[in-house]
Amino acid sequence: MTTAQPLDVQPSPLALLLLGREADAKSERGVECPGDLPAPSDPDLVERARAAKARLSDKVFVLGHHYQRDEVIEFADVTGDSFKLARDAAARPDAEYIVFCGVHFMAESADILTSAEQQVVLPDLAAGCSMADMATAEQVAECWDVLTEAGVADVTVPVSYMNSSADIKAFTGKHGGTICTSSNAERALNWAFEQGEKILFLPDQHLGRNTAVRDMGMSLDDCVLYNPHKPNGGLTAEELRAAKMILWRGHCSVHGRFSLESVRDVRERIPGVNVLVHPECRHEVVAAADYVGSTEYIIKTLEAAPAGSKWAIGTELNLVRRLANRFADEGKEIVFLDKTVCFCSTMNRIDLPHLVWALESLADGKVVNRIEVDPEVASFSKLALERMLALP
């Protein structure tokens, strides 16, 4: 009997990219951290973070997204969703360093909205967003060519979700469109329909569909799904001409996992439970829920909920756990909608060792992992963001 020899298999460039060993400038995936990180088991991490932040004093402003780990949120000067944090950064022009504990597209938005003198740092460049990666600049440009050939580009207005790369925001600004958040998506769509007959909604199909159908009274037949991996998006020219909403085939890996079965199961397990979900969830989940809204809406709804009420939340687990602990003393029962644990894996790349490394490096005068958006891209992105800010 012979022993099989190990194969000398070299990792493909894609494999290296997924492992975080190389960079793709047009992707959210990023690269591994340069330099030596503190060990995760270092018992002095908390004190080191406090000491480094104290050394930096007012020179640093730390932003913490709601989906971050508690150990990171502890050191955030402000918490919030992606756009709120970017605006908070812009409102602190005296802070030399903005440390964004979130993912790559969020740090890009902060760089776009802050001054040239401020430097935005992402503690781990591999903290990207799978949804943002589902729409590249090349794919969207090809889509626009398809719309042009179908004769509908001149009546189509792009609306891009905040959860998109700076390149996609720039495309949106250049083509007369606007950005939206999960809080103001309906306002953004109403504005866009005043500018044109159709909307190209990027990159989250679920938010686009839910807003159009649930909030604005359109039908599912008014929506078509553009698949960038199929010729012409998998659509005919006739389908594009008939559609009101052209939805990009993208989704959130966390919110997309919730199912109608999850809703039915939790109602059986917890009689009288209120189901509260994010609009990035699938349409059938949103239709079956009791309440639907953005992260800020979820928090405010639970704040206003009566003592003793029961809630199943369909959003990222770090936030759900934090809310469950926060309202436990008020007798509010808060559970995760799905039985299976699901964190945002890329958001969780920002951990205490990475934050300590970034803060200590800045305190020593070394700027690491700076996020810089190309000036032309930043200009058109800011134009799209400003249109959003001007929404009625």
Problem set entry | Inter- and intrachain pairs under side-chain hydrogen bond (donor to acceptor under 3.5 Å, both in side chains), touching residues 83-97, at least two apart | K84-D88

For this session: Examine V275 and V320 and state if one hydrophobic cluster contains both, with Ile, Leu, Val, Met, Phe, Trp and Tyr joined whenever side-chain heavy atoms are less than 4.5 Å apart.
Result: yes

Problem set entry | Shortest non-hydrogen separation from P279 to G293 and the atoms involved | CD-O, 3.1 Å

Exercise. Taking atom CZ of R187 as the centre, does the number of heavy atoms from other residues, nucleotides or ligands within less than 6.0 Å exceed 12?
Worked result: yes

Problem set entry | Worked verdict on I299 versus R326 for side chain to side chain contact (heavy atoms under 4.5 Å, CB included) | CA-CA 11 Å; I299 295 170; R326 175 182 169 186; 3.8 Å; yes

Exercise. Side chains of M106 and M162: does their closest heavy-atom pair fall under 4.5 Å?
Worked result: no

Exercise. CZ/R349 to CD/Q68 distance, rounded to the nearest 0.5 angstrom?
Worked result: 12.5 Å

For this session: Could you tell me the separation between the CD atom of E71 and the SG atom of C101, rounded to the nearest 0.5 Å?
Result: 10.5 Å

Exercise. Quick one: do I246 and Y161 end up in the same hydrophobic cluster if we chain Ile, Leu, Val, Met, Phe, Trp and Tyr together by side-chain heavy atoms under 4.5 Å apart?
Worked result: no

Exercise. Checking E316 side chain against C344 main chain: does a donor-acceptor pair fall under 3.5 Å?
Worked result: yes

Exercise. Hey, mind stepping through R387 and W191 against side chain to side chain contact (heavy atoms under 4.5 Å, CB included) and telling me if it holds?
Worked result: CA-CA 10 Å; R387 289 194 186 113; W191 174 87; 3.9 Å; yes

For this session: May I ask you to test the V335-W311 pair for a side-chain heavy-atom distance under 4.5 Å?
Result: no

Problem set entry | With E238 via side chain to side chain contact (heavy atoms under 4.5 Å, CB included) - residues at least two apart | T236, R241

For this session: Inspect the surroundings of CG in D364 and state if more than 12 heavy atoms from other residues, nucleotides or ligands are less than 6.0 Å away.
Result: yes

Exercise. Quick one: does S309's side chain have a donor or acceptor within less than 3.5 Å of a partner on P306's backbone?
Worked result: yes

Pairs of donor and acceptor atoms involving the side chains of residues 373-381, under 3.5 Å and at least two apart or interchain, shall be tabulated with distances.
unit_1	atom_1	unit_2	atom_2	d
D374	OD2	E376	N	3.1
D374	OD2	V377	N	3.2
S381	OG	A166	O	2.9
S381	OG	A170	N	3.3
S381	OG	V377	O	2.8

Problem set entry | pair S183-Y297: side-chain heavy atoms closer than 4.5 Å | no

For this session: Could you tell me which non-hydrogen atom of T156 sits nearest to which non-hydrogen atom of L200, and how far apart they are?
Result: CG2-N, 3.7 Å

Exercise. Looking at side-chain heavy atoms only, is the closest gap between P123 and N369 below 4.5 Å?
Worked result: no

Problem set entry | SB check D222 K198 (cutoff 4.0 Å) | no

Exercise. Under 3.5 Å, side chain of D215 to main-chain N/O of A212, donor-acceptor pair present?
Worked result: no

Seminar exercise, completed: Residues passing the salt bridge (Lys or Arg N to Asp or Glu O under 4.0 Å) test with K332, sequence neighbours excluded, are E330

Exercise. Would L323 and Y291 show up in the same hydrophobic cluster when neighbours are defined by side-chain heavy atoms closer than 4.5 Å?
Worked result: yes

Exercise. Taking atom NZ of K310 as the centre, does the number of heavy atoms from other residues, nucleotides or ligands within less than 6.0 Å exceed 12?
Worked result: yes

Exercise. Is there side-chain contact between Q139 and W248, with heavy atoms separated by less than 4.5 Å?
Worked result: yes

For this session: Go through the steps for E261 and K339 under the test salt bridge (Lys or Arg N to Asp or Glu O under 4.0 Å), then give the verdict.
Result: CA-CA 11 Å; E261 184 58 34; K339 285 182 176 179; over 6 Å; no

Exercise. Looking at side-chain heavy atoms only, is the closest gap between L352 and V46 below 4.5 Å?
Worked result: yes

Exercise. Do the ring planes of F171 and W144 sit parallel (below 30°), tilted (30 to 60°) or perpendicular (above 60°)?
Worked result: perpendicular

Exercise. After noting the C-alpha distance and the side-chain angles of F258 and F336, does the key distance pass the ring pair (Phe, Tyr, Trp, His ring centres under 6.0 Å) rule?
Worked result: CA-CA 10 Å; F258 298 114; F336 192 57; 5.4 Å; yes

For this session: Consider only side-chain N and O atoms of H255 and T315, and report whether a donor and an acceptor are under 3.5 Å apart.
Result: yes

For this session: May I have the step-by-step check of salt bridge (Lys or Arg N to Asp or Glu O under 4.0 Å) for R48 and D42, ending in yes or no?
Result: CA-CA 10 Å; R48 287 175 62 177; D42 185 343; 2.8 Å; yes

Problem set entry | Test side chain to side chain contact (heavy atoms under 4.5 Å, CB included) applied to W357 and D124, step by step | CA-CA 10 Å; W357 172 74; D124 186 354; over 6 Å; no

Problem set entry | Criterion salt bridge (Lys or Arg N to Asp or Glu O under 4.0 Å) on R249 and D204, from CA distance to verdict | CA-CA 7 Å; R249 189 176 180 269; D204 180 24; over 6 Å; no

Seminar exercise, completed: In short, salt bridge (Lys or Arg N to Asp or Glu O under 4.0 Å) pairs touching residues 279-299 with sequence neighbours left out are R267-D290

For this session: Please answer: with hydrophobic residues joined when any side-chain heavy atoms are less than 4.5 Å apart, are F193 and V224 in the same cluster?
Result: no

Exercise. Do K53 and V62 pass the side chain to side chain contact (heavy atoms under 4.5 Å, CB included) test, and can you show the C-alpha distance, the side-chain angles, and the key distance before you say yes or no?
Worked result: CA-CA 9 Å; K53 200 172 178 208; V62 180; 3.8 Å; yes

Problem set entry | Full working for side-chain hydrogen bond (donor to acceptor under 3.5 Å, both in side chains) between D265 and S262 | CA-CA 5 Å; D265 176 73; S262 302; over 6 Å; no

Seminar exercise, completed: Contacts satisfying side-chain hydrogen bond (donor to acceptor under 3.5 Å, both in side chains) that involve residues 170-179 (not counting sequence neighbours) are S160-T172

Exercise. So, do V292 and N210 sit near enough that their side-chain heavy atoms are less than 4.5 Å apart?
Worked result: no

Problem set entry | Main-chain N/O of E47 paired with D44 side-chain donor or acceptor, under 3.5 Å | no

Exercise. Are V157 and L147 connected, step by step, through hydrophobic side chains (Ile, Leu, Val, Met, Phe, Trp, Tyr) whose heavy atoms are closer than 4.5 Å?
Worked result: no

Problem set entry | T295 and L319, any side-chain heavy atoms less than 4.5 Å apart | yes

Exercise. Ion pair present between D70 and R321, side-chain N to carboxylate O less than 4.0 angstrom?
Worked result: no

For this session: Output yes when R69 and E74 qualify as a salt bridge under the 4.0 Å nitrogen-oxygen rule, no when they do not.
Result: no

